[in-house]
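Just so you know, ligand 1 is whichever comes first in the structure, and atom 1 is the first atom listed for that ligand.
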Amino acid sequence: MTSITSQTTTDKLIEATREIWKAYNDHPFVTGIGEGSLDREKFRYYIMQDFWYLKDYTKVFAIGLAKATNVDNINLFAQSIAGISAELNVHNGFMAQLDITEEELDTIQPSLDNLSYTSYMLRVAYEETEVEILAAILSCAYSYEMIAKEIMRHNPDAIHDDFYGSWIQAYGSDTYAASNQTLIESLNRLSQHYTDAQIDHLVAIFTACSRYELAFWEMSWQMQ
Ligand SMILES: Cc1ncc(CO)c(N)n1
């Protein structure tokens, strides 16, 4: 059943969430990173919450790995987990600059939006298959690439910002884009045989995660 107009699964996911994804770029937290004007206290709050988030996010990949049905996907999840370690290195750089101690990290309480987001992803991970897990993950991973690229398109000098530059560089990098491309290709391949109802379910997961992403920016802006 091929037709010239057939969309890939990920095209459908992106199309369904276009408005939410547009709102990321307009959010004051995100524009503040791009302009270098974001209050560092807000960023400090974000980095600590994100550190907490990434622990659960790693577990979502790990459950995906446990459920993977072929070697390619085992490698995909394993490499993604290694990629999160690279992401944590960027966080570590900020922790030093923001005077965040190891002890402080151990005692972080997640905000309700943060806890709700990761609890949702973990539920998808525990209840569903690797395909639905990939849909949840892609919303997080790919949105950061799109945000960084939009910042770079809008203001090419943003990557040189003394403070926020490394964040923009990491998520706007070719390495990060390549890992997302692998996620996209796997999701499209694994969902090729999906019925309309199964695709609709992937859209629902991707949409929920996208709404959570927007809530995460707002939570960081409000610091609560
Ligand atoms: C909340 C959130 N979403 C996505 C990413 C990208 O991994 C991140 N670091 N944090």
Do Ser166 and Phe94 come within less than 4.5 Å of each other through their side chains, counting heavy atoms only? yes

Could you check whether any heavy atom of Phe51 sits closer than 4.0 Å to an atom of ligand 1, since that is the contact criterion I want to use? no

For Tyr176, take its heavy atoms, then give the atoms of ligand 1 lying under 4.0 Å from any of them. 6 (C), 7 (O)

Do the charged groups of Arg44 and Glu104 touch, with an N to O distance under 4.0 Å? yes

Just to confirm my output: which protein heavy-atom neighbour is closest to atom 6 (C) of ligand 1, and how far is it? Glu87 OE2, 3.4 Å

If the plane angle is over 60° it's perpendicular, under 30° parallel, otherwise tilted; pick one for Phe43 and Tyr46. tilted

Does Arg189 come within less than 4.0 Å of Glu185, counting only side-chain N to carboxylate O? no

To the nearest 0.1 Å, how far is atom 1 (C) of ligand 1 from its closest protein heavy atom, and which atom is that? Asp50 OD1, 3.5 Å

Just wondering, do Tyr120 and Cys209 contact through their side chains at under 4.5 Å, heavy atoms? yes

So the atoms of ligand 1 within less than 4.0 Å of a heavy atom of Tyr171 turn out to be 9 (N)

Heavy-atom contact check, 4.0 Å cutoff: does Tyr57 meet ligand 1? yes

Nearest protein heavy-atom contact for atom 3 (N) of ligand 1: which residue, which atom, what distance? Glu213 OE2, 2.6 Å

For the OH atom on Tyr126, are there more than 12 heavy atoms of other groups (residues, nucleotides or ligands in this structure) within a distance under 6.0 Å? no

Quick test of your reading of the structure: of Trp52, Tyr212, Tyr144, whose heavy atom lies closest to atom 4 (C) of ligand 1? Tyr144

Using a heavy-atom cut-off of under 4.0 Å, does the side chain or the backbone of Trp217 touch ligand 1, or both, or neither? neither

Report the part of Leu54 (side chain from C-beta onward, or backbone N, CA, C, O) that has a heavy atom under 4.0 Å from ligand 1; answer both or neither where that applies. side chain

List every atom of ligand 1 that sits less than 4.0 Å from any heavy atom of Phe216, numbering the atoms from 1 in the order shown and giving each element. 1 (C)

Using a strict cut-off of less than 4.0 Å between a Lys/Arg side-chain nitrogen and an Asp/Glu carboxylate oxygen, indicate whether Lys12 and Glu15 qualify as a salt bridge. no

Trp21 and Tyr142 aromatic ring geometry - parallel, tilted or perpendicular at 30°/60° bounds: tilted

